[in-house]
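Naming convention: chains lettered A, B, ... in sequence-line order (proteins, then strands); numbering from 1 in each chain. Values in this document were obtained by computation on a predicted structure and should not be read as measured data.
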2 protein chains.
Amino acid sequence: MKVSTPVMVPAFPFADGIFPAGCPSRTVLDHVTSKWGVLLLVALSEGPQRWSELRRRAQGISEKMLAQTLKTLEADGFVRRDAQPVIPPRVDYSLTGRGEELAALLLPLVAWVAEHAEAIVNRPQS
Amino acid sequence: MKVSTPVMVPAFPFADGIFPAGCPSRTVLDHVTSKWGVLLLVALSEGPQRWSELRRRAQGISEKMLAQTLKTLEADGFVRRDAQPVIPPRVDYSLTGRGEELAALLLPLVAWVAEHAEAIVNRPQS
DNA sequence: GTGCGTACTCTCTTTTGGGAAGCATTCCCG
DNA sequence: CGGGAATGCTTCCCAAAAGAGAGTACGCAC
């Protein structure tokens, strides 16, 4: 497998300047590529999970950032929040269709990074 | 098209917890998914460019962040810095092999975001 | 009625990032 | 012959944002 597919994306017309500065693309890109956004989307790509579970999977995230990031992802329509009014509260988070599309693009990236990370940190010069 | 391909990436063994908190993957992931890191990598995927050119393409970036981000990407071995000792100075930046691999994974993601950004910002509910 | 577990929310500290000026060097213009 | 422009950074200062940690509401078990 590997990089056997240098399909070379059409490199669409980025004109001059990747994106206009105030463009929606910038906003959304910031959300999905945020430190915790990526991690949560990848975590959720393995199936619905509840708050405390996500907290465990995304090691090191604070409760504040978890809540905040989930809220952003939900507002963007990537994540579905399903709160059951039971006590103690139970809230399940899952990817929407849109979220799954995105995760499918994110996963290869994360996989590549995971595979090369050590080499990159140790011997920057490739 | 759409979600016609729930190919579901193999979802490799993320065990429990996407990455250990202090893991190199985290570090590298943060670098490449940083706000300006993505933009610069994508910009450079269209060919070598010099400082002032990058500054223009990545609309809105400050000189400080451009210098800092390029330094990080160079340290990680994604970007090559080629300074010619002429006056006025001329410095060309380009992707290394590793940088191109990464950009190839980044482009589809950026393209998807560009395509859906407006809908996401306007009508979060999909 | 005390204490626990869950899902947040609030407050305060640390880090990040933008803006602008500075710098080195040579050529161009007046 | 002197002043200003062009280029690629670097440094300083301060506002904005990220992040940690404690606090809150809620019912149930004991």
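- For the OP1/OP2 pair of C/dA7 and a distance below 4.0 Å, the side-chain nitrogens and oxygens of A/Arg50 include at least one atom meeting the criterion.
- If you take CD of B/Glu53 and C1' of D/dA6, they are 15 Å apart, rounded to a whole angstrom.
- Spacing between atom CZ of A/Arg56 and atom P of C/dG5 amounts to 13 Å, rounded to whole angstrom units.
- Between C/dA7 and A/Ser52, a contact under 4.0 Å exists linking OP1 or OP2 to a side-chain N or O.
- With sequence neighbours left out, the side-chain hydrogen bond (donor to acceptor under 3.5 Å, both in side chains) criterion links B/Glu53 to no other residue.
- Partners of A/Lys64 under the side-chain contact (heavy atoms from CB on, under 4.5 Å) rule, at least two apart in sequence or in another chain, are A/Ser62, A/Gln68.
- Under the salt bridge (charged side-chain N to carboxylate O under 4.0 Å, His left out) criterion, A/Asp92 pairs with A/Arg90, not counting sequence neighbours.
- Considering only residues two or more places apart in sequence or on other chains, A/Ser25 meets the side-chain contact (heavy atoms from CB on, under 4.5 Å) condition with A/Phe19, A/Cys23, B/Ala114, B/Ala117.
- Distance B/Gln84 CD to D/dC9 P: 12 Å, rounded to the nearest Å.
- Legend: residues meeting salt bridge (charged side-chain N to carboxylate O under 4.0 Å, His left out) with B/Asp30, ordered by chain and number and at least two apart, are A/Lys35.
- Remark: A/Thr27 engages no residue in a side-chain hydrogen bond (donor to acceptor under 3.5 Å, both in side chains) (not counting sequence neighbours).
- Evaluation of the salt bridge (charged side-chain N to carboxylate O under 4.0 Å, His left out) rule for B/Arg55 yields B/Glu63 as partners, not counting sequence neighbours.
- The distance from atom CD of A/Gln68 to atom C1' of C/dA7 is 16 Å, rounded to the nearest whole Å.
- Atom CG of A/Leu66 is separated from atom C1' of C/dA7 by 10 Å (rounded to the nearest Å).
- Across the protein-nucleic acid pair, B/Met65 atom CE and C/dT16 atom P stand 9 Å apart, rounded to whole Å.
- Comparing C/dA7, D/dC9, D/dA18 against the side chain of A/Arg81 picks out C/dA7 as the nearest.
- With sequence neighbours excluded, the residues satisfying ring pair (Phe, Tyr, Trp, His ring centres under 6.0 Å) with B/His116 are B/Trp112.
- With sequence neighbours excluded, the residues that form a side-chain contact (heavy atoms from CB on, under 4.5 Å) with A/Val91 are A/Arg81, A/Ala83, A/Tyr93.
- A/Leu29 is listed as a side-chain neighbour of B/Leu39, based on a closest heavy-atom distance under 4.5 Å.
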Name the pairs: protein N/O against N/O of nucleotides 10-14 of chain D, kept only if under 3.5 Å.
residue: D/dT10; atom: OP2; partner: B/Lys71; partner atom: NZ; Å: 3.1

Between N or O atoms, less than 3.5 Å apart, protein on one side and nucleotides 25-30 of chain D on the other: list the pairs.
none

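- Rounded to an integer number of Å, the gap from CG of B/Asp92 to P of D/dC9 is 10 Å.
- A close approach under 4.0 Å does occur between a side-chain nitrogen or oxygen of A/Ser62 and OP1 or OP2 of D/dA20.
- Proximity of B/Thr72 to B/Phe78: side-chain heavy atoms (C-beta onward) are nowhere separated by under 4.5 Å.
- One interatomic measurement links the two molecules: CG of A/Leu54 to P of C/dT6, which rounds to 14 Å at whole-angstrom precision.
- With hydrogens and angles disregarded, a donor-acceptor distance shorter than 3.5 Å links the side chain of A/Arg98 to the backbone of A/Asp76.
- Of all the residues in residues 25-39 of chain A, A/Lys35, A/Trp36 reach under 4.0 Å from DNA chain D with at least one non-hydrogen atom.
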